Amino acid sequence: MEGIQTGYNGYMTAGKIESDDFTSVQTEPSQQVVKKHRWVSGVLAFTALTVLAGSAAVYIVSHAGPRGYHDYTVQKQQHYVEYSDQYPYWDVLTVEYPILTGTEEEPIEQVEQINAKLYDTAMDRVNYWHLQPDAEVQKLQETYSIFSSDVECDVTYHSQYLMSVSYKEIYAPINPVWYVYMTQRALTVDLLTGESYALKDVLRLNEDFVLLWVDKFNEKLGKKMVASEDVDIFFDWFNCSDKELEDYYIFVPYFYVTEEGNFVVGVSLDPKTAAISGRDPSNSTFYTEFTAEEIAPYRTESVFWDKYDKSESTGEVLRCKGKHDNIWLGDQASIWDYWEEN
C-alpha cells in the first residue's frame, strides 16, 4: 500500500484536491490506479503480441523463399533437317528440345535466356561436328558422306524453381554405316535467375563421392564393371583432369533430377577428331542413380539445394507435335539391322 499511497499523494498534489475532500474520495484513486494498471498491461500485452506476430511474419516471409512459377508450359519441339543442299555432304537432323512458356499472370522473366540454353544443349554435338566446326573438324568434313544426329529430350523434373532436362543422342559423323556414337548430357536450370547448375556446383566430386558412384554403378550393372583400382580414372573424368585422354575426348560430367527427386549422375566422353574410328556403335556415357539421402553428405553450399528442398512439382510438359523419326538413326532405321548382322 505504501507504493500506491505515494502515487496517490502525487496525484492529489497535481490535481490540487483539498484535504476536506479526502475522506469521500480516498478509495477511488486506488481503483483508478488498478484500472489503469490493467489497461496499461493489456495494451503492453497486445503490443507485444503484435510485435511477435509481425516478427513471425517477417521470419516466415524471409525464410519461405520467392514464390516461383506455378503455372507454365514446356512444349517439346524438333529441329528437323533431311538432306539439305547447303553442304557438300548429306545431313539428317532430328533434334528434340524443350521450349518454356509462362502465362500472362506469371510471365517468366528469364524465359529467353532459359530457352536459349535448352536449345543450345540439345544442339551441342550437332554444332561441334556440323554447324560450328573448328579447323580439325573442317578437315574431317572433307571425308563426310552423311552427317546424322538423333536427339531425344526428357523433361525429368519441373518445380516452381527448377527444371531438369535429360538429352540422349545418337550421332554419326562421316557416315552412319561405320561411325555411330551414343552420348548423354543434361541441363538443370533455375527458373528464377535463368542460370544453370553444373554437377560441380551442387556436389563435391571428391574421392569419397567417386568411390560411392563406382559402387552404385557396379550395383546397377549387377557386376563389378569398374575395379577399385580404376576409381582414379573416373575421378579424373568427373573433374575433367585426365591429361592422357584430353586430346581425344571432351569430358562432360552431368546430372539431372528425376520425377521422384532422385539424382542421375554421370559422365560422358565425347570423342574429338583424334578418337574417331570406324567400328561398332560406341556408347561413351556412364551414369547411375542416387537418392537425395545418399548424396546428402556431398552437398555443396549452392543455392540450388535451398530451392530443391522447397520445390513442389508444377508446370505441364507437352509432347513434340509431328515428331519425325530419323531415317538413319531412328528406332526403325535399317542401320541397326546392319550392325546386328555384322
Side-chain angles (χ1 to χ4, degrees), residues 72-102 108 110-134 137-138 140-141 144-158 163-177 179-189 191 194 196 250 252 254 256 268 270-272 276 281 283-285 315-336:
Y72 59 83
T73 300
V74 184
Q75 173 68 64
K76 293 184 182 181
Q77 299 187 15
Q78 188 181 56
H79 179 95
Y80 173 67
V81 175
E82 189 171 303
Y83 296 152
S84 71
D85 297 328
Q86 188 174 354
Y87 303 94
Y89 51 86
W90 286 342
D91 52 338
V92 178
L93 311 177
T94 48
V95 181
E96 188 181 40
Y97 62 95
I99 291 292
L100 176 67
T101 305
I108 300 175
Q110 306 296 335
V111 69
E112 291 186 5
Q113 179 181 346
I114 293 171
N115 283 335
K117 290 177 180 290
L118 294 170
Y119 178 76
D120 289 344
T121 304
M123 296 288 289
D124 179 77
R125 293 293 82 196
V126 172
N127 287 335
Y128 182 85
W129 288 110
H130 178 51
L131 299 179
Q132 300 171 9
D134 61 16
V137 174
Q138 286 178 358
L140 185 66
Q141 283 179 334
Y144 279 21
S145 57
I146 300 173
F147 176 80
S148 187
S149 173
D150 184 59
V151 177
E152 292 191 356
C153 75
D154 186 13
V155 182
T156 59
Y157 185 81
H158 43 98
M163 184 169 74
S164 262
V165 183
S166 168
Y167 300 87
K168 297 180 180 179
E169 180 174 13
I170 306 173
Y171 66 95
I174 306 180
N175 189 305
V177 177
Y179 300 84
V180 177
Y181 297 87
M182 304 174 188
T183 188
Q184 292 191 40
R185 53 190 171 275
L187 183 68
T188 297
V189 293
L191 299 181
S196 57
I250 299 170
V252 186
Y254 65 89
Y256 60 87
S268 292
D270 291 337
K272 298 180 181 181
I276 292 293
N283 187 351
S284 60
T285 188
E316 182 182 16
V317 180
L318 304 178
R319 293 186 305 171
C320 181
K321 300 177 182 178
K323 184 177 177 181
H324 296 271
D325 190 53
N326 192 292
I327 62 174
W328 283 105
L329 302 173
D331 291 339
Q332 306 303 317
S334 59
I335 188 65
W336 307 121

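Model, not experiment: these values are computed from the prediction.
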Does His158 reach the side chain of Val317, with side-chain heavy atoms less than 4.5 Å apart?
yes
Answer yes or no: is there a side-chain heavy-atom contact under 4.5 Å between Leu187 and Tyr167?
yes
List the atom of Val151, the atom of Ala122, and the distance in Å for their closest heavy-atom pair.
CG2-O, 3.8 Å
Those residues that, when tested against Glu112, pass side chain to side chain contact (heavy atoms under 4.5 Å, CB included) (two or more places apart)
none
What residues, two or more places apart in sequence or in another chain, satisfy side chain to side chain donor-acceptor pair (under 3.5 Å) together with Arg185?
Glu169
Just verifying a value: how many Å separate Met123 CE and Leu93 CG, rounded to the nearest 0.5 Å?
6.5 Å
Could you pull out all residues at least two apart from Tyr254 that satisfy ring pair (Phe, Tyr, Trp, His ring centres under 6.0 Å)?
none
With sequence neighbours excluded, residues passing ring pair (Phe, Tyr, Trp, His ring centres under 6.0 Å) with Tyr128:
none
Between Leu191 and Gln110, is any pair of side-chain heavy atoms under 4.5 Å apart?
no
If you look only at pairs with a residue in residues 318-334, which of them pass as a salt bridge (Lys or Arg N to Asp or Glu O under 4.0 Å), with sequence neighbours excluded?
Glu96-Lys323, Glu152-Lys323
With sequence neighbours excluded, residues passing side chain to side chain donor-acceptor pair (under 3.5 Å) with Gln113
none
Test side-chain contact (heavy atoms from CB on, under 4.5 Å) applied to Thr73 and Leu318, step by step:
CA-CA 7 Å; Thr73 300; Leu318 304 178; 3.6 Å; yes
Check Ile146 against Pro176 and note the closest heavy-atom contact, atom names and distance.
CB-CD, 3.7 Å
State, with a plain yes or no, whether a side-chain heavy atom of Tyr97 is found less than 4.5 Å away from one of Gln77.
yes
Any Tyr144 side-chain heavy atom under 4.5 Å of Pro173 side chain:
yes
Just by distance, with hydrogens left out, do Ser166 and Asp154 show a side-chain donor and acceptor under 3.5 Å apart?
no
Report the relative orientation of the aromatic rings in Tyr83 and Trp90; use parallel for angles under 30°, tilted for 30 to 60°, perpendicular for over 60°.
tilted
Heavy-atom count check: over 12 atoms from other residues, nucleotides or ligands less than 6.0 Å from Trp328 CH2?
no
Is atom NZ of Lys168 surrounded by more than 12 heavy atoms (other residues, nucleotides or ligands) closer than 6.0 Å?
no
Scanning both residues in full, the closest heavy-atom pair of Val81 with Ser84 reads CG1-CB, 3.9 Å
At their closest point, which heavy atom of Ser164 faces which heavy atom of Thr188, and how far apart are they?
OG-OG1, 2.6 Å
Any side-chain heavy-atom pair from Met182 and Ser284 closer than 4.5 angstrom?
no
Partners meeting side chain to side chain contact (heavy atoms under 4.5 Å, CB included) with Pro133 (sequence neighbours left out):
Val137, Gln138, Gln141
Go through the structure and list residues passing side chain to side chain donor-acceptor pair (under 3.5 Å) with Asn115, not counting sequence neighbours.
none
The reported gap from OG in Ser149 to CG in Leu329 (rounded to nearest 0.5 angstrom) is 7.5 Å
Once you round to the nearest 0.5 Å, how far does OH of Tyr72 lie from CD of Glu316?
11.0 Å
Taken to the nearest 0.5 Å, the spacing of Ser268 OG from Gln184 CD works out to 6.0 Å
Mind checking salt bridge (Lys or Arg N to Asp or Glu O under 4.0 Å) for Asp91 and listing every partner two or more places apart, or none if nothing turns up?
none
Going by atom types alone, do Thr183 and Thr285 pair a side-chain donor with an acceptor below 3.5 Å?
no
Pair Val126, Val95 - check side-chain contact (heavy atoms from CB on, under 4.5 Å), show working.
CA-CA 9 Å; Val126 172; Val95 181; 4.0 Å; yes
Please list, chain by chain and in numerical order, all residues satisfying ring pair (Phe, Tyr, Trp, His ring centres under 6.0 Å) with His79, sequence neighbours excluded.
none
As an exercise, state the distance from CZ of Phe147 to CG of Leu140, rounded to the nearest 0.5 Å.
10.5 Å
Please check if atom CG in Asp134 has more than 12 non-hydrogen atoms from other residues, nucleotides or ligands closer than 6.0 Å.
yes
Quick one: list whatever passes ring pair (Phe, Tyr, Trp, His ring centres under 6.0 Å) with Tyr87, sequence neighbours left out.
Tyr89, His130
Assess whether side-chain contact (heavy atoms from CB on, under 4.5 Å) is satisfied between Leu100 and Lys117, documenting all intermediate values.
CA-CA 11 Å; Leu100 176 67; Lys117 290 177 180 290; over 6 Å; no
Kindly write out the residues that satisfy side chain to side chain donor-acceptor pair (under 3.5 Å) with Asn326, not counting sequence neighbours, or none if the list is empty.
Thr94, Ser148
Within the structure provided, determine whether Val165 and Thr121 are in side-chain contact (heavy-atom separation under 4.5 Å).
no
Just do the side-chain contact (heavy atoms from CB on, under 4.5 Å) check on Tyr256 and Tyr157 with the steps written out, would you?
CA-CA 8 Å; Tyr256 60 87; Tyr157 185 81; over 6 Å; no
Are Ile276 and Tyr179 side-chain neighbours, meaning at least one heavy-atom pair lies under 4.5 Å?
yes
Check Lys76 against Cys153 and note the closest heavy-atom contact, atom names and distance.
NZ-O, 3.1 Å
